[in-house]
Protein chains: 2
Amino acid sequence: MTSARTYGQACPVARAMDVLGERWAMLVVRELRLGPRRYSDLAAQLPGLGPTVLAARLRELERSGVVRRETLPPPGAARVYALTEWGAELEPVFAALARWGMRAPVPPDAHLGPDPVLLGMRTFFRSTPGWDAVVEVRLDGEVYALRVEDGALTDLHRGPAADPDATLTGTAGALHAVRTGTLPPDAAGLAVTGDRAVAGRLLDAVRLPG
Amino acid sequence: MTSARTYGQACPVARAMDVLGERWAMLVVRELRLGPRRYSDLAAQLPGLGPTVLAARLRELERSGVVRRETLPPPGAARVYALTEWGAELEPVFAALARWGMRAPVPPDAHLGPDPVLLGMRTFFRSTPGWDAVVEVRLDGEVYALRVEDGALTDLHRGPAADPDATLTGTAGALHAVRTGTLPPDAAGLAVTGDRAVAGRLLDAVRLPG
DNA sequence: CCGCATCCCCAAAGATACTG
DNA sequence: CAGTATCTTTGGGGATGCGG
């Protein structure tokens with residue numbers, strides 16, 4: 001039953017693909033990069049992935065030591081999936097893949113979840129010394145906290161920010177449109193509250209070239 | 001016909017996986033990292049990969065702009081597959097994946113081709129200033145040329161070396177055993193000719209920790 | 001509800017044989 | 001040598017259902 005399909009090669013690239021090469025595996029891991037998620041949240045962010053395959057991928061990734069199943073302390077007691085330490089060490093792989101994939105074609109009617117937008121901001125953040133900020137970003141109902149210290153992004157995680165200097169609210173697509181320079185924030189429908197100068201600096205630091 | 005299976009996401013990681021995510025695709029690209037190869041050479045280095053899937057992957061990778069089909073000038077006029085410039089830009093992805101995959105389990109009866117061994121030497125080469133060398137490595141019938149300048153690996157490609165200081169000859173498994181420290185060169189069956197001090201320095205620079 | 005398991009169907013991969 | 005043709009097996013997409 002558990003066929004353990006492998007490339008049968010000693011090469012570390014092949015062994016990495018033995019772990020991560022099945023369809024959807026990398027995208028499941030990607031959804032956990034900003035923190036633990038529940039099964040149904042994963043399913044919601046991965047349209048086209050059926051429940052059978054999602055459950056299978058999570059089981060395989062757990063077995064291979066990339067993902068860990070956690071039960072949150074009550075109240076709530078929700079079951080969530082989180083990256084192990086080894087799974088978190090995939091960051092350099094994702095960073096390299098994201099830079100390379102920027103030049104790959106965008107499929108028609110492409111879905112864009114909030115996590116990839118925030119991850120892209122982190123991967124392509126341009127540090128410019130001389131400013132500090134705490135910004136809360138709310139996209140499609142998801143809440144994220146960013147911390148900038150001396151112009152460098154020092155923290156980004158899911159969840160509300162404590163005493164933010166500014167808040168950005170809108171859809172994933174809106175923030176992405178602002179990042180690409182397609183639209184200014186107001187035209188994109190991205191609401192800015194709080195310190196508008198801080199928000200502008202942040203949007204500048206994450207603006208994509210081209 | 002061409003189904004164009006895609007994740008349908010705008011995320012650059014997902015788009016990269018649209019191009020590279022099909023089974024065997026990354027390993028086909030890996031086999032081209034050290035230079036162009038013919039169809040049958042690819043097939044020989046990728047046991048378990050059938051001719052149908054290999055032809056399909058090559059066609060898809062060519063269509064997406066990762067691989068280019070070349071016809072060598074006569075005499076010979078062999079058809080080879082080579083990486084495009086974009087394909088060559090996958091190097092950081094492979095480097096990150098290889099580092100991560102080092103900690104993944106080695107499948108039983110693992111195959112080990114000569115290319116992965118040389119690629120591993122390049123990825124994990126430890127620079128130590130103060131020496132220069134040209135070394136030819138012959139593994140399983142494949143020939144490679146390495147150039148070290150001031151202790152840094154400045155060139156590695158398939159093909160014979162011009163006027164090498166030393167030559168290593170053996171199997172891929174033998175050189176790998178030496179790199180891991182499992183066996184000394186002679187016990188592993190790795191023949192060293194020419195300047196033994198240079199060969200020793202090279203083997204030191206590519207020795208794997210742990 | 002959330003977290004899957006079952007079922008059905010098609011598409012992709014493995015194996016083998018064969019051809020320009 | 002460089003693939004295509006064919007067949008079988010496996011894995012993935014989609015819908016539904018069921019237990020906690």
Side-chain angles (χ1 to χ4, degrees), chain A residues 1-9 14 17-28 31-32 36-63 67-72 74-82 107 109 111 141, chain B residues 1-9 14 17-28 31-32 36-63 67-72 74-82 107 111:
Chain A
M1 29 158 166
T2 54
S3 46
R5 190 163 67 144
T6 171
Y7 287 111
Q9 298 199 2
M17 295 314 289
D18 283 338
V19 175
L20 302 169
E22 300 295 316
R23 189 158 171 79
W24 292 104
M26 284 292 284
L27 298 196
V28 169
E31 285 299 316
L32 299 178
R37 305 220 86 168
R38 292 180 305 178
Y39 179 93
S40 53
D41 293 326
L42 292 172
Q45 295 304 320
L46 298 171
L49 170 59
T52 309
V53 175
L54 176 53
R57 285 305 96 89
L58 287 170
R59 227 179 300 121
E60 295 156 8
L61 289 170
E62 185 187 5
R63 176 124 71 154
V67 159
R68 182 177 42 213
R69 201 190 240 108
E70 287 179 355
T71 304
L72 295 186
R79 277 226 291 252
V80 294
Y81 293 90
D109 306 322
H111 173 262
Chain B
M1 253 283 171
T2 54
S3 47
R5 190 164 68 146
T6 172
Y7 287 112
Q9 299 198 3
M17 296 314 288
D18 282 339
V19 175
L20 302 169
E22 300 295 316
R23 187 156 172 82
W24 291 104
M26 285 292 284
L27 298 196
V28 169
E31 285 301 314
L32 300 177
R37 303 221 88 171
R38 293 180 304 180
Y39 181 94
S40 54
D41 293 326
L42 292 172
Q45 294 304 321
L46 297 170
L49 171 59
T52 309
V53 175
L54 175 54
R57 282 307 94 88
L58 287 169
R59 226 179 301 121
E60 296 156 7
L61 289 170
E62 185 186 7
R63 175 122 74 154
V67 159
R68 183 175 41 212
R69 198 190 241 106
E70 286 179 354
T71 304
L72 295 186
R79 277 228 288 255
V80 296
Y81 294 89
H111 172 263

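Within every chain, numbering begins at 1; the chains are lettered A, B, ... in the order of the sequence lines, protein sequences first and strands thereafter. Keep in mind it's a predicted model, so treat the numbers as computed, not measured. The figures here come from the full heavy-atom set of this structure, side chains too, leaving out hydrogens, waters and symmetry mates.
With values rounded to the nearest 0.5 angstrom, B:Leu61 atom CG is found 13.5 Å from B:Arg68 atom CZ. Note that CG of A:Leu32 is 7.5 Å distant from CG of A:Leu58, once rounded to the nearest 0.5 Å.
Consecutive pairing runs in DNA chain C reach the stem threshold at C:1-19 with D:2-20, where a stem means at least three Watson-Crick or G-U wobble pairs with distances under 3.5 Å.
For C:dT6, the base has a donor-acceptor partner in the side chain of A:Thr52 [N/O atoms by modelled type, under 3.5 angstrom].
Out of C:dA13, C:dG3, C:dA5, the shortest distance to the side chain of A:Pro51 is found at C:dA5. The B:Arg38 side chain lies nearest to D:dA2 when the options are D:dA2, D:dG13, C:dG3.
Contact annotation: A:Tyr81 does not reach the phosphate of C:dC2 (side-chain N/O to OP1 or OP2, under 4.0 Å). The side chain of B:Arg57 contributes an N or O atom lying less than 4.0 Å from OP1 or OP2 of C:dA13. When the side-chain nitrogen and oxygen atoms of A:Trp24 are compared with OP1 and OP2 of D:dG11, none of them lie within a distance under 4.0 Å. The side chain of B:Arg69 contributes an N or O atom lying less than 4.0 Å from OP1 or OP2 of D:dG3. In this model, the phosphate group of D:dT4 is approached by a side-chain N or O of B:Arg59 to a distance below 4.0 Å at OP1 or OP2. In this model, the phosphate group of C:dA12 is not approached by any side-chain N or O of A:Arg23 to a distance below 4.0 Å at OP1 or OP2. Side-chain N/O atoms of A:Tyr39 include none lying less than 4.0 angstrom from OP1 or OP2 on C:dA5.
Cation-pi geometry between B:Arg69 and B:Tyr39 is not satisfied (NZ or CZ under 6.0 Å from the ring centre, within 45° of the ring normal).
Residues A:Pro47 and B:Gln9 have side chains in contact (heavy-atom distance under 4.5 Å, counting atoms from C-beta outward). No side-chain heavy atom of A:Leu49 sits less than 4.5 Å from a side-chain heavy atom of A:Leu27. A heavy-atom distance below 4.5 Å is not found between the side chains of B:Met17 and A:Arg23.
Atoms CG (A:Leu49) and P (C:dG3) sit 14 Å apart, rounded to a whole Å. Nucleotide C:dC2 holds its P atom 14 Å from the CD atom of A:Gln45, rounded to whole Å. Atom C1' of nucleotide C:dA13 and atom CZ of A:Arg5 are separated by 7 Å, given to the nearest angstrom. Between the C1' atom of C:dG3 and the CG atom of A:Leu58 lies a distance of 11 Å, rounded to the nearest Å. Computed from coordinates, the A:Arg37 CZ to C:dC4 C1' distance equals 19 Å when rounded to whole Å. Nucleotide C:dC1 holds its P atom 19 Å from the CZ atom of A:Arg79, rounded to whole Å. For B:Glu60 and C:dA11, the CD to C1' distance is 13 Å, given to the nearest whole Å. Remark: C1' of D:dA5 and CG of B:Leu54 are 16 Å apart, rounded to the nearest angstrom.
Side-chain N or O atoms of B:Asp18 include one that pairs as donor or acceptor with a backbone N or O of B:Tyr7 at under 3.5 Å.
The residues A:Arg57 and A:Glu60 are annotated as salt-bridged, a charged nitrogen and a carboxylate oxygen being separated by less than 4.0 angstrom.
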